[in-house]
Every structure is written in C-alpha cells, then in structure tokens.
S.K.: 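Just dropping this structure here.
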Amino acid sequence: MLDVLSDNHGNPSSVHSFGRKAREAVEEARERVAGAVGASPSEIFFTAGGTEADNIAIKGAASKRRGSGSHVAVSAFEHHAVLDAASWLSKTGLEVTTIPVEADGIVSLGAVTEATRPSTILVAVMAVNNEIGTIQPIREIVVAAKGASPDVLVHTDAVQALGNIPVDVHRWGVDLAAFSAHKLGGPKGVGALFVRSGVAVEALVHGGGQERGVRSGTLNVAGIVGFGVAAQLAEKEIDSKAERLEGLRAHLLEGLRSEIPDIVVNGTMERRVAGNLNVAIPGTDGETLLLLLDQAGVACSSGAACASGALDPSHVLLAIGTPREVARGSLRFSLGRDSSAEDVDAVVKALPEAVKRARLVS
C-alpha cells in the first residue's frame, strides 16, 4: 500500500504507463482475492466495502431477474446491508420473505426449502453471523434452495467468513458472495463481490464503466492492493489462528462463568468461528456495560443500537428467540491475531465490576 501511495501509480483506467502500473497492481490483487475464496479473477469485482457488495448482490441480481419471478427470501439475522436492501426491494413491488433461524443460531435446511418457491429469484443466507459468529451450512443451503427452485440465485454475505473459515465459493455453489477487507486485517473502505460466471447483475452506480460495468468509479488502488495481501495472508493463517483463538476463548468463557455464574452464551458453541464470544448478562444494559468497560480499557461491542433515544435489542438475538430483557444485556467479544492471554485476563478482571455497577443502574 505504501508503494502505491508514494510512487507514481496513476488511474488504473488510464492507458499511459502510470495507469498501466496501477492496473497491474489491481489485477494482481484481484488474483489474490480470487485465490483466497476459490473464484476466478474474472468473477471478482472490487467495491467500497461489504455493504456495497451486499447491495449490488441483492438489488442488482433481483433487478436483473424481475422478469422471471417476484419473490426474494433472506434469513432473519442477516446484516442490515442485506435486510435493508431487501426492504428496499419490497417497496419496488417484490415480495420479501424472512427465513427463520433456530435457537442455536443456525438456519435450518427445512426453513430454506419452505421459504423458496417457483417465483423466488434470490435467496440470501450469510455464511457466518456477524454478531454471534455461528457458521451456516452454506453448501447444503444452496442445495436446498435450488432443489425447491432450480433457477434461483443464492447470495451469501461472507464478510465474517473470509479469514475465519475456509472459503470456496464454487464448492459452496453460491452465485454471489460479499467480502470486506477490514474484517481480515486489511484497510477499511474496500470490499469485493463474487459474481459467478454467467450470472448478471444490474449496476447500481453508473459512470465510467469500471469493474466491467458492475461498479463504476475510480478504483481505490492502495486499498485494493492491501485487500489482496490481507486475503492471501488470512487464508494461510486460518488453521493456526483458529487453534490459538479457541484456546483464548475457552479461557475467557471459563473466567467469565466463574465470576458471573448467570452469564448466558448466545448461539451454539459447536458451529462458531474461533474469535467470537457473544454473551448476555441478565439484569444489565449492554450500552451501560460498554461505557464501563471502555473506561477500564476494554473494547467490545453490544447488539443494542441506539435509535431516537431508545435502545433496541439486537435483531440477531431476537431472531434466535432470546427474550428482549436478556438481549438488552448482550456483549460481543472479538478475538484476533493480536489478542493475548493478558488481554483475556484483563477482561475477566474488568467485567465483574462493570456488571455490578450496571445492575445498580438498571
């Protein structure tokens, strides 16, 4: 990235030598991302992030296929990039069905089959949930959806998958998949969309026709280069990273349970990425806990979102049947390549006092 930012790399759409140099850097990154996800380079389109990739997939694919159907199905615990894009489609005349999620945080094949009908043009189920980290059986979900409607397209938001589990879009059988660089140690503001060869999507952004007309706009060369390297490194580190993080997470969960006996784990622990631990602490408010933990030097997140002065529990936790009063006290701890045993010990030390204080004000 520093080489691109400091050297004379031009606009990759230009034909002069500086532009060709930038184009070479972009195409090398495209090959790296494609290799990390099991795609061909021609099937990778760079975007400004996972949200844009999801929007192109949902809106672009559905718009292109309107003539062959009028129905879209998305799982209940998708990222808002998918849910809001589907909601937008419903305002344009398409029918949108929500696929329910089981209490363990897994989308059942039966639910996919039931939600898919002959008029369904698109089914969307994320590969790894962004809040509770549960891993979905994407290959089997594709089989179930296409068994119910052979011509249906299947999209997966794989933003949380790349770098955490092996990703192979062709083995999965998906038609579209979204990725984001910053979730695997790359720069913010750059993502990618996999579009299976032969699948057409309608462009949402028109202009210079970059990315073969799928996403116009001058390419973020430095960000794309960083994405390529990050994807290549993350793919190589999956097994060693998972083994180390599983040990740290076990240490974290054991410590929290010993200090806070009524803590509840949200979603299954059996099918979950190694760096995720999502818990609910009865009698607390997630936002209050976040503020108290931040004062103690601990950064984590809550499923609650503040809107118009009112706290709403995580839609993900509500989708798996978590009571609203329990969901309000949820925290997501994320472990990464830089996390250490000392970090875990610091959380175990800080959280009990934060819980005590949060319960006093709840």
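Everything numeric in this text was worked out from a predicted model, so none of it was measured.
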S.K.: Between Arg324 (side chain) and Leu318 (backbone), is there a donor-acceptor pair under 3.5 Å?
M.R.: no

S.K.: With no hydrogens and no angle check, is any side-chain donor or acceptor of Gln210 less than 3.5 Å from a backbone partner on Leu219?
M.R.: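 Between the backbone of Leu219 and the side chain of Gln210 there is no qualifying donor-acceptor contact (under 3.5 Å).
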
S.K.: Please say whether more than 12 non-hydrogen atoms of neighbouring residues, nucleotides or ligands are located less than 6.0 Å from CG in Leu5.
M.R.: yes

S.K.: Please report the shortest heavy-atom distance between Ala25 and Val225, naming the atom on each side.
M.R.: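 Taking every non-hydrogen atom into account, CB-CG2, 3.8 Å.
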
S.K.: Under 3.5 Å, is there a donor-acceptor pair between the Ser240 and Glu237 side chains?
M.R.: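 No, Glu237 and Ser240 have no side-chain donor paired with an acceptor closer than 3.5 Å.
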
S.K.: Check whether Arg272 reaches the backbone of Thr268 with its side chain - one donor and one acceptor, N or O, closer than 3.5 Å.
M.R.: yes

S.K.: What's the shortest heavy-atom distance between Gly38 and Val169, and which atoms?
M.R.: O-CG2, 3.8 Å

S.K.: Can you give me the closest heavy-atom contact between Ala124 and Ile58, atom names plus distance?
M.R.: CB-CD1, 3.9 Å

S.K.: Please report the shortest heavy-atom distance between Ala145 and Val152, naming the atom on each side.
M.R.: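 Here Ala145 and Val152 meet closest at O-CG1, 3.7 Å.
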
S.K.: Listed by chain and number, what are the side chain to side chain contact (heavy atoms under 4.5 Å, CB included) partners of Thr113, not counting sequence neighbours?
M.R.: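 Applying side chain to side chain contact (heavy atoms under 4.5 Å, CB included) to Thr113 gives Ala144, Ala148.
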
S.K.: Just by distance, do the side chain of Ser87 and the backbone of Asp84 share a donor-acceptor pair under 3.5 Å?
M.R.: no

S.K.: Looking at Arg32 and Glu28, is any side-chain nitrogen of the basic one under 4.0 Å from a carboxylate oxygen of the acidic one?
M.R.: yes

S.K.: Go through it in stages, so that I can follow the logic: the residues are Arg332 and Ser314, the test is side-chain hydrogen bond (donor to acceptor under 3.5 Å, both in side chains), and I'd like the CA-CA distance, side-chain angles, deciding distance and then a yes or no.
M.R.: CA-CA 11 Å; Arg332 181 187 67 175; Ser314 158; over 6 Å; no

S.K.: Ignoring hydrogens and angles, tell me if any N or O in the side chain of His315 forms a donor-acceptor pair with the backbone of Glu78 under 3.5 Å.
M.R.: yes

S.K.: Indicate yes or no: at least one non-hydrogen side-chain atom of Thr92 is less than 4.5 angstrom from one of Arg66.
M.R.: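 In short, these two side chains touch, coming nearer than 4.5 Å.
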
S.K.: Is the side chain of Asp7 donor-acceptor paired with the backbone N or O of Asp3 at a distance under 3.5 Å, no angle test?
M.R.: no

S.K.: Ignoring hydrogens and angles, state whether a donor on the side chain of Asp54 or His155 is under 3.5 Å from an acceptor on the partner side chain.
M.R.: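 Present: a donor and an acceptor within the cut-off.
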
S.K.: Got a sec: does the CZ of Arg337 have more than 12 other heavy atoms crowding it under 6.0 Å?
M.R.: no

S.K.: If you draw a 6.0 Å radius around CD in Glu246, do more than 12 non-hydrogen atoms from other residues or ligands fall strictly inside?
M.R.: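 Result for CD/Glu246: enclosed.
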
S.K.: Is it true that a side-chain atom of Thr98 and a backbone atom of Ser75 form a donor plus acceptor pair closer than 3.5 Å?
M.R.: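 Flag not set: sc Thr98 to bb Ser75 has no pair under 3.5 Å.
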
S.K.: Please output the side-chain donor-acceptor pairs of residues 195-204 that fall under 3.5 Å, not counting sequence neighbours, one pair per line with the distance.
M.R.:
residue	atom	partner	partner atom	Å
Arg196	NE	Val174	O	3.0
Arg196	NH1	His170	ND1	3.0
Arg196	NH2	Val174	O	2.7

S.K.: Considering all heavy atoms of both residues, which atom of Ala85 and which atom of Asn55 are nearest to each other, and what is their separation?
M.R.: CB-OD1, 3.9 Å

S.K.: Please check if the number of heavy atoms outside Glu254 that lie under 6.0 Å from its CD is greater than 12.
M.R.: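 Incorrect, the count does not exceed 12.
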
S.K.: Apply side-chain contact (heavy atoms from CB on, under 4.5 Å) to the pair Glu95 and Ser70, showing each step before the final yes or no.
M.R.: CA-CA 6 Å; Glu95 181 185 359; Ser70 59; 5.6 Å; no

S.K.: Please report the shortest heavy-atom distance between Gly133 and Asn276, naming the atom on each side.
M.R.: N-ND2, 3.6 Å

S.K.: Quick one: does Leu293's side chain get under 4.5 Å of Leu331's, heavy atoms only?
M.R.: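 Touching, per the 4.5 Å side-chain cut-off.
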
S.K.: Passes side-chain contact (heavy atoms from CB on, under 4.5 Å), Lys241 versus Asn164? Steps please.
M.R.: CA-CA 8 Å; Lys241 172 186 169 185; Asn164 288 315; 3.1 Å; yes

S.K.: Please collect all ring pair (Phe, Tyr, Trp, His ring centres under 6.0 Å) contacts where either partner lies in residues 24-71, sequence neighbours excluded, each pair once.
M.R.: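 Checked against ring pair (Phe, Tyr, Trp, His ring centres under 6.0 Å) - neighbours excluded - no pair reaches residues 24-71.
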
S.K.: Whether Lys146 and Asp175 form a salt bridge (side-chain N of Lys/Arg under 4.0 Å from carboxylate O of Asp/Glu) is what I want to check.
M.R.: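 Salt bridge flag = yes for Lys146 with Asp175.
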
S.K.: Are Arg30 and Glu27 ion-paired here, with the side-chain N under 4.0 Å from a carboxylate O?
M.R.: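 Yes, this pair counts.
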
S.K.: Look at the side chain of Asp151 and the backbone N and O of Ile121, then say whether any donor-acceptor pair between them is shorter than 3.5 Å.
M.R.: no

